[in-house]
Amino acid sequence: MAKQHVVTTINGNAVEFLCDTRQTLLEVLRDELHMTGAKEGCGTGDCGACTVNIDGRMMCSCLFLGAEAQGKKINTIEGMAAGDKLHVLQRKFLEHAALQCGICTPGMLIAAKTLLENNPDPTEEQTRYWLAGNLCRCTGYNQIIDAVLDAAKELRGAKS
Amino acid sequence: MSAVVTEKKLKVVGTRPDRPDGVPKLTGTAQYGADYTLPGMLWGKILRSPHAHARIRKIDASKALKLPGVKGVITAADLPEQKFEYVGAERVAQNFWHMTRNILAREKVLYEGHALAAVAATTPAIAAEALKLIEVDYEILPHVIDVEDAMKPDAPLLFEDMITRGVEPPPTKPSNVSKRVEFKIGDADAAFATADEVVEMSFKTAAVHQGYIEPHACLARADADGQAEVWSSSQGHFVVRTMTVKMLGMKTGDLRCHAAEIGGAFGGKTVVYVEPVAVALSKKTGHPVKIMMSREDVFKATGPTSGASMTIKVGVMRDGTIVAAKGLFKYQAGAFPGSPVMNGCMCGFAPYDIANVNTIGYDVVCNRPKSVAYRAPGSPISAFAVESTLDMAAKKIGMDPIQFRLKNIAKIGTPTVWGPKHSHAGFAETLQALQKHPAYTAPLGKNQGRGVAVGYWFNGGGESSSTVNVNEDGTVVVATGSPDIGGSRASTAQMAAETLGIPYEAVRPIIADTNSVGYTQATGGSRVTFATGITVINACKKVTEEMCKRAAKMWKIEPENVIWEDGSARPAGKRAGEFPPLTFKEIASKRTATGGPVVASASINAEGQAPGFSAQFADVEVDPDTGAVKILRDVAAQDVGRAIHPSYCEGQIIGGVVQGIGCALNEEYIYDKNGHLENAGFLDYRMPVASDLPKIDAIVVEVPNPNHPYGVKGVAEANIVPPMAAIASAIHGATGKRLTDLPMSPPKVLAALDG
């Protein structure tokens, strides 16, 4: 089967790739572009470990075809820190010990960042519901919720 | 709330520094099992049985091998036969004859998802296509899923020659009962006659999966000279090496195993599934081979913990004394022997001082994936039954459930049902800490209830190794053999920094491969901060001794006249001479002039671990219309010995509680009548999500373990033991209905309310 030529933007960079039309965006990111920050936990959109941001919306990259990336603006975990400066959410996850094994962390961070872009001042309950599509088996979520709310507070402070 | 005063102020132990492996995990650069690649790599995929039980008449891979891009196919015929024998301590005995058959089926497939062939191809799509071209001729056999059904005399047999072990004289007829175990102290039957009240109840639990988010994955490469390498996500790369060389008939020194970052495990990555297959495919094809399991594969073909059927009987006096206890435990082993039923028999009544106890356990094979360790393996299952029964007993005599447990709690010197006496304190202190929590006496509303339960786990010691290398700028690298699942690199670095007297940031902890550090058992049994921790501390002590020798050389005095204090070498008193202290950094910089590199290693077969103990209460609200149970509050106290990094101790406690909540309310393996798993995905196998839960309240209790330099007790497991019974008792408090069948999902709660 002929491969599809796709032109897209990932983390602000123009990216071109060839993909099998059956390949998911997750497979393209990991196997073609060697960006392995997005993880495959289920391949069915149930765990959120492969979450990326596409045109401002969070999306399980395992449910999105690579070919659909044409013309889109995609943000992944690899683009979250600015050089050696961690994003506030990343720093708060570290400070709050919000990761144990870390496999859910990239997806969780992208989901949390999208939350704060949409709602800079979420309640605990709103945060818990927003992140309900991102499974974490290690932490029981306490410290993740603390980290997100603390990051939101700091980000609001920075703007005012 | 430390019960023991710390004599010398600790500077690093007990603080909450950032974990050393944090940034790569936050930026997506950390490499987990599936993240490794090599040039020329092939993709391996595994053919799995669609049947719950069938004889394999023939496997024909000729069509698959003709597909362009397919480089090799293997079956069990490519693996050497193993001797039938149980090896290792009985509680964790392994039989490689079974293990090789679980990795690739031989005579029969024993569960849906059982692996029976594997293919390596140039792309994942070609490998998947090739699997469809492998023709298998099955003779479908009757199957059995439920443990009680599997024990019936006319049940289909998984192994036609299996004679129950542990029965004298041995039975003459084969059965699915692999083993019977029994423990006894005193005379329970006689003591029941003296009790004021006797409560007897039966329980069932469902098989539940560890649910780690990262599926099993590995990359292997093999050379024509017999040497090979594996990168894989496991709880022990030394375990991967031991099992893989055994499965493939290789020499131990010929396989170098690297510990990838591990995306959760909870016991489920203490065995191998894909590693021997990947190495065998790599040998056969001459290319590196990567294998990743799908989530469906993980559910169908890796180990959940056992489901069980149990009956508990307890006899109590009106003053609250438990005088007699009996437990009958039947655990599903899955397709091969080896459920944790022995642990269940040992742990169930372990928290208590009961003069007459008798526990009997059965290990029963059935057509399910082979059970594997899951966080305090076996203990949560028996504790659900025991703690639920004790709650009913306490209610019968009108006693507060914490008071009732405190009255009977085991202390140092209390005998265990398996023989040795308890040798550590902390159980009563943990219960008292829970009792003091202000929410314990908070009023409850309509349809709300509160339940209490406790949990015991042995914790582990065992073999560990580490090596400390001092760098010329005064930083050190600490290499251990323990894969880091939940923050052990942080605790390792903290213990090293504390012992050396240097800043935490000056310590770089790594997990070395099997050819670069001494043998180390798996990260399991809550053993790493205890056992590996001791080797790190001992190696660091050797380093400080060496640093004293180097200082003596620089001062031109005898080494015995130098002491190590607060991170510096100092003269041992005025008679040794007047010298300003030499810091770690200063001595390190003089490496070349004082004798060359400073390196120290330590290894151990650690004993003296202290058990884990957790006491919890849960508040729930039951929706009378839907049967849904909402967790309003969960307070979990646990004795951690000493918290090296309190945040990660709290994280272990909260994580364990939430897994227990999942097991209590939602999680279960559901089979259809054909023995097919109906919910092999995260949508239908419903693990707790953030919106299901309140904040879990962790109480860190510190009763130090005298057998660890900083007082460590393993912290990762006891926390999962109490939630099921605590929630069942809370539901009983809310509704007056006692649920005895896990999970307590809405249909079951509703049926109980209507019944």
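Because only heavy atoms are used, hydrogens play no part in the values below, and waters and symmetry mates are left out as well, while side chains stay in. Note on naming: letters A, B, ... go to the chains in the order of the sequence lines (proteins, then strands), and numbering restarts at 1 for each one.
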### Query
Stepwise, does the salt bridge (Lys or Arg N to Asp or Glu O under 4.0 Å) test hold for A:R22 with B:E129?
CA-CA 13 Å; A:R22 293 167 298 185; B:E129 193 60 37; 5.6 Å; no

### Message
Run the salt bridge (Lys or Arg N to Asp or Glu O under 4.0 Å) test on B:R295 and A:D46 for me, step by step, so that the C-alpha distance in whole Å, both residues' side-chain angles and the decisive distance to 0.1 Å come before the verdict.
### Response
CA-CA 10 Å; B:R295 178 55 50 184; A:D46 299 316; over 6 Å; no

### Task
Output, in order, the C-alpha distance, side-chain angles, deciding distance and verdict of side chain to side chain contact (heavy atoms under 4.5 Å, CB included) for B:K25 and A:I103.
CA-CA 8 Å; B:K25 290 176 174 168; A:I103 197 84; over 6 Å; no

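For A:K39 and B:D35, the salt-bridge test passes: some basic side-chain N is under 4.0 Å from an acidic carboxylate O. Between A:R128 and B:D692 there is no salt bridge, since no side-chain nitrogen of the basic residue lies less than 4.0 Å from a carboxylate oxygen of the acidic one.
Side-chain atoms of A:E78 and B:T29, non-hydrogen and from C-beta on, never get closer than 4.5 Å to each other. A 4.5 Å side-chain heavy-atom check between B:H209 and A:R137 finds every atom pair outside the cut-off. In this structure, B:V689 and A:Y129 have side chains that are not in contact, with every pair of non-hydrogen atoms separated by 4.5 Å or more. Counting only heavy atoms from C-beta outward, the side chains of B:I485 and A:Q100 never approach each other to under 4.5 Å. Side-chain atoms of A:E124 and B:K695, non-hydrogen and from C-beta on, do get closer than 4.5 Å to each other.
The choice from A:T76, A:I144, A:D31 that makes the most heavy-atom pairs within less than 4.5 Å of chain B is A:D31. The greatest number of non-hydrogen atom pairs below 4.5 Å with chain B, out of A:T105, A:L86, A:N142, is found for A:N142. With chain B as partner, the option from A:G133, A:C101, A:A98 having the largest number of non-hydrogen pairs under 4.5 angstrom is A:C101. The most heavy-atom pairs under 4.5 Å with chain B, out of A:C138, A:A38, A:A81, A:G37, come from A:C138. When each of B:Q31, B:E261, B:Q210 is checked for heavy-atom pairs under 4.5 Å with chain A, B:Q210 comes out on top. With respect to chain A, the highest number of heavy-atom pairs below 4.5 Å among B:M292, B:E650, B:E214 belongs to B:E214. Contact tally against chain A (heavy-atom pairs below 4.5 Å) for B:G487, B:A490, B:G211: the top residue is B:G211. Chain B forms more heavy-atom pairs under 4.5 Å with one residue of A:P106, A:G79, A:A132 than with any other, namely A:A132. For the set A:G102, A:A49, A:C47, the entry with the most heavy-atom pairs within less than 4.5 Å of chain B is A:G102. For the options B:I262, B:T123, B:I653, B:D21, heavy-atom pairs under 4.5 Å to chain A are most numerous at B:I262.
With a 4.5 Å cut-off on non-hydrogen atoms, B:A30 touches chain A through its backbone but not through its side chain. In this structure, the portion of B:P694 lying under 4.5 Å from any heavy atom of chain A is its backbone and not its side chain. Heavy-atom distances place both the backbone and the side chain of A:L99 under 4.5 Å from chain B. Contacts of B:A265 with chain A are absent, with no heavy-atom separation under 4.5 Å from either backbone or side chain.
Here the shortest heavy-atom pairing between A:G41 and B:F682 reads O-CE1, 3.9 Å.
Residue A:N13 places its CG atom among more than 12 non-hydrogen atoms of other residues, nucleotides or ligands, all under 6.0 Å distant. More than 12 heavy atoms of other residues, nucleotides or ligands shown are found within 6.0 angstrom of CD on A:Q126.
A distance-only check finds no donor-acceptor pair linking the side chain of A:Y141 to the backbone of B:V658 [under 3.5 Å].
Atom CD in A:E40 sits 8.0 Å away from atom OG in B:S294 (nearest 0.5 Å). Separation of atoms OG1 (A:T44) and CD (B:E296) is listed at 9.5 Å; rounding is to 0.5 Å. We find the CD-CG distance between A:E95 and B:D18 to be 6.5 Å, quoted to the nearest 0.5 Å. Rounded to the nearest 0.5 angstrom, A:Q143 CD and B:Y648 OH are separated by 8.0 Å.
Partner of B:L26 under the side chain to side chain contact (heavy atoms under 4.5 Å, CB included) criterion, out of A:Q90, A:H87, A:R91: A:Q90 alone.
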